[in-house]
Amino acid sequence: MNTPSKLLPLIFAFILFLILSIALLNTDFSLFTAIKIICRRTYKPSHGLATTSNQRDRNIDHSSSISKAISPNISECFPAGLPSNAITGTNCCPSKPSFSKLIDFKDFASPNATPRVRRPFHLLDEEYIAKFEKGIALMKGLPDDDPRSFIQQAKVHCAYCNGAYHLYHPFQDTKLDIHRSWFFFPFHRWYIYFFERILGNLIGDPDFALPFWNWDSIEAMHMPSCFTNPNSSLFHELRNQKHLPPHVIDLNYAAGNVDVPSHQQVLYNLATMYKQMVLASTTELFMGSPFRLGDNPHPGIGSVEAAPHNTVHTWVGGADTPHHEDMGTFYTAARDPIFYGHHSNLDRMWAIWKTLGEGRREYSDQDWLDSEFFFYDENADFVRVKVRDCIDTKNLGYVYQDVDLAWLRTPPTSRKSKLLRQKKKAQVLSWKPRKLPLVLDSITSVIVKRPKKLRSREEKEEEEEVLVIEGIEFGSDKYVKFDVHVDDDEERLSDPDETEFVGSFVHLYHGHGHNISTSFKVGLSKVLENLEAEEDDDVLVTLVPRVGKGEVTLGNIKIEFIPR
């Protein structure tokens, strides 16, 4: 029989083998991170969910086989990271979880069941709007400590989005924020799913489906009127009063934007939707970049999360509050009932994106699929959910009503000649090149080399040419927006409905006391085709700071090819 002392060399050799295997399989996975992963998976908290908790809970086990999936330590909730002059306190911790009621989500819809149909606000009759108003009123009327109450539901969003939850030891210093990564869509799908179930239960209608504000449709590009009645439970005081109906929404809004005629704004919005949905043809471009244990928790934002998600939040939020509260900041956004109609439409964007062809699909990575969140259901039971279980809305018992997608027929166009674009590029090439990293304090143009050119149709079908801006750094309490143009003219920059305007990076006010380092990616394959620039050796990238001039540092700009 082996003694403990004889087993020590074997244990050490096994751990060393695991570390080397991980490092070889994933060159981006550091040796230090590998050691932390092994420590995490071999260390079993002695007090249930957390190492510092006196509660014992055998329902959650974090000692399974090696994985880099994310799971928040919901047994401990910390003060949220807020800007110094936020209009609310730092305590946004939801009701303390009842671990005796913890259940794993199994309530999948029957394949033969008729799904609930989420419909757009502008097509609802008065009876359905009254149902929604009643549900919100009843939710607001619940005791503040009821996990189903409106204020507690709003706290859930604050906690998951502003670092109130951390990860498990040895990653306990990592504050969870489900934005700017591949968790944006699945978290919010689960979040509004349980919100919808609570509403249905309160009004006694299990078939109730949460409506959506389809700001992507021409006839709905204004705030739904049901949210503007001061006597309605849907009314909220902290909104921009200049943006009430019939004011047309700006889906690429930045505070201080100059209004354009309504018909022009509609065209800008349609082109914005085309770019964010159609040109974001790969999983990472649309859904955001991977975030696993040991990774940078803000790896990169997806197209729709940047705009119209962030931009609509700011457009709705109050003009006279420090950070456009409530909707303009994540720590208060869910206090406004319009938040849920906004996110219902964003969830619809995920469902639509998968139908646009070119092999679009979600991530199949196990670390994404196995990541988990926790919510309260309509019975105040504490439910653990996994990303893998929310991929198909039909499994959750709902679908979206089909409405016209005018933006699919409204691609951006170029109004500049190829000769003019080449002339402008030659001028920049003749200048002293801008060195990176750089502080984005003015309109800046840089030449970026293309690793490949003149790709075949088959190559384009296999890989998307992507512009990558990395090492984007700024203070977490800053509101930042900059636009990205390709082969454009600094002296007459293209409008949002033109091809050269390829996207916008947007970050809302978030926390304070720390810097954020992230990246931004934009698909270029169709852009370069439309600009007749596929033969070019390089592209001219122009960066236009709209908000936060001088607050942002850019580390590097390059072109990569991402598999579809």
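Nothing fancy with the numbering, it's 1 onward along the sequence. Below, each value reflects all heavy atoms present in this structure, side chains not excepted, and no hydrogens, waters or symmetry copies.
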query: Residues in side-chain contact (heavy atoms from CB on, under 4.5 Å) with L420, at least two apart?
result: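 Scan of L420 (side-chain contact (heavy atoms from CB on, under 4.5 Å), adjacent residues dropped) gives K416, S417, K424.
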Could you check whether any side-chain N or O of [X] sits under 3.5 Å from a backbone N or O of [Y], counting only pairs where one atom can act as donor and the other as acceptor?
X    : Y    : answer
N269 : L251 : yes
S217 : E219 : no
N310 : V506 : yes
W182 : E284 : no
R434 : S445 : no
Y331 : A86  : no
S519 : P299 : yes
E463 : E461 : no
Q276 : A307 : yes
S262 : V248 : no

task: Test H309 against every option in F330, F185, F286 by the ring-ring contact (aromatic ring centres under 6.0 Å, His included) rule and name the one that passes.
output: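 When F330, F185, F286 are each tested with H309, the ring-ring contact (aromatic ring centres under 6.0 Å, His included) holds only for F330.
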task: Count the heavy atoms belonging to other residues, nucleotides or ligands that lie under 6.0 Å from CZ of R492, then report whether that count exceeds 12.
output: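 More than 12 heavy atoms, drawn from other residues, nucleotides or ligands, come within 6.0 Å of this atom.
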Nearest heavy atoms of [X] and [Y], plus distance in Å:
X    : Y    : answer
Y274 : T410 : CB-O, 3.8 Å
I443 : P545 : N-CD, 3.9 Å
V439 : G550 : CG1-O, 3.7 Å
A333 : H313 : CB-CE1, 3.6 Å
D477 : Y509 : O-CD2, 3.2 Å
F291 : N296 : CD1-O, 3.8 Å

field: Worked verdict on M223 versus L244 for side-chain contact (heavy atoms from CB on, under 4.5 Å)
entry: CA-CA 6 Å; M223 189 181 297; L244 301 180; 4.0 Å; yes
How about [X] and [Y]: do any of their side-chain heavy atoms sit closer than 4.5 Å?
X    : Y    : result
T499 : V527 : yes
F505 : V552 : no
E534 : E529 : yes
F373 : C390 : no
R455 : L528 : no
S414 : L531 : yes
D497 : P412 : no
N240 : M327 : no

- prompt: So, F121 versus F227, ring centres under 6.0 angstrom or not?
  reply: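 Yes - the distance between ring centres of F121 and F227 falls below the 6.0 Å cut-off.
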- prompt: Is it true that H324 and Y253 have ring centroids separated by less than 6.0 Å?
  reply: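 Centroid separation for H324 and Y253: 6.0 Å or greater.
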query: Is the NZ or CZ atom of R118 both under 6.0 Å from the centre of the six-membered ring of Y398 and within 45° of that ring's axis?
result: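 The answer is yes, since R118 meets both limits relative to Y398.
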- request: Test side-chain contact (heavy atoms from CB on, under 4.5 Å) on Y191 and H343 and set out the steps.
  value: CA-CA 10 Å; Y191 178 46; H343 271 276; over 6 Å; no
[X] [atom1] to [Y] [atom2] distance, which is reported to the nearest 0.5 Å:
X    : Y    : atom1 : atom2 : result
L405 : L270 : CG    : CG    : 10.5 Å
M221 : D216 : CE    : CG    : 7.0 Å
Q401 : R348 : CD    : CZ    : 9.5 Å
E464 : L524 : CD    : CG    : 7.0 Å
W215 : H122 : CH2   : NE2   : 14.0 Å
D326 : T321 : CG    : OG1   : 7.5 Å

Ring geometry between H157 and F187 (parallel below 30°, tilted from 30 to 60°, perpendicular above 60°):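 Because their plane-to-plane angle lies in the 30° to 60° range, the rings of F187 and H157 count as tilted.
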Ion pair present between [X] and [Y], side-chain N to carboxylate O less than 4.0 angstrom?
X    : Y    : result
D536 : K418 : no
K452 : E459 : no
K354 : E362 : yes
D370 : R388 : yes

Side-chain donor-acceptor contact under 3.5 Å, [X] with [Y]:
X    : Y    : value
Y268 : D250 : no
D347 : Y193 : no
E465 : S525 : no
R546 : S504 : no
S281 : E358 : no

field: Audit row: D365, K68, salt bridge (charged side-chain N to carboxylate O under 4.0 Å, His left out) steps and yes/no
entry: CA-CA 10 Å; D365 190 295; K68 291 184 280 181; over 6 Å; no
task: Kindly determine whether L285 and S303 satisfy side-chain contact (heavy atoms from CB on, under 4.5 Å), including the steps that lead there.
output: CA-CA 6 Å; L285 288 176; S303 60; 5.8 Å; no
task: Give me the one residue out of L493, V502, D487 that meets side-chain contact (heavy atoms from CB on, under 4.5 Å) with T542.
output: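 The passing option is L493.
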H323 and its side chain to side chain donor-acceptor pair (under 3.5 Å) partner, picked from T329, T332, N85: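 Result: among T329, T332, N85, N85 is the only option passing the side chain to side chain donor-acceptor pair (under 3.5 Å) with H323.
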field: Partner of E500 by salt bridge (Lys or Arg N to Asp or Glu O under 4.0 Å), out of K425, R415, R421
entry: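 Of K425, R415, R421, salt bridge (Lys or Arg N to Asp or Glu O under 4.0 Å) with E500 is met by R421 alone.
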task: Please report the C-alpha distance between N395 and D389 in whole Å, then the side-chain angles of each, then the deciding distance to 0.1 Å, and finally whether the side-chain contact (heavy atoms from CB on, under 4.5 Å) criterion is met.
output: CA-CA 8 Å; N395 286 340; D389 292 329; over 6 Å; no
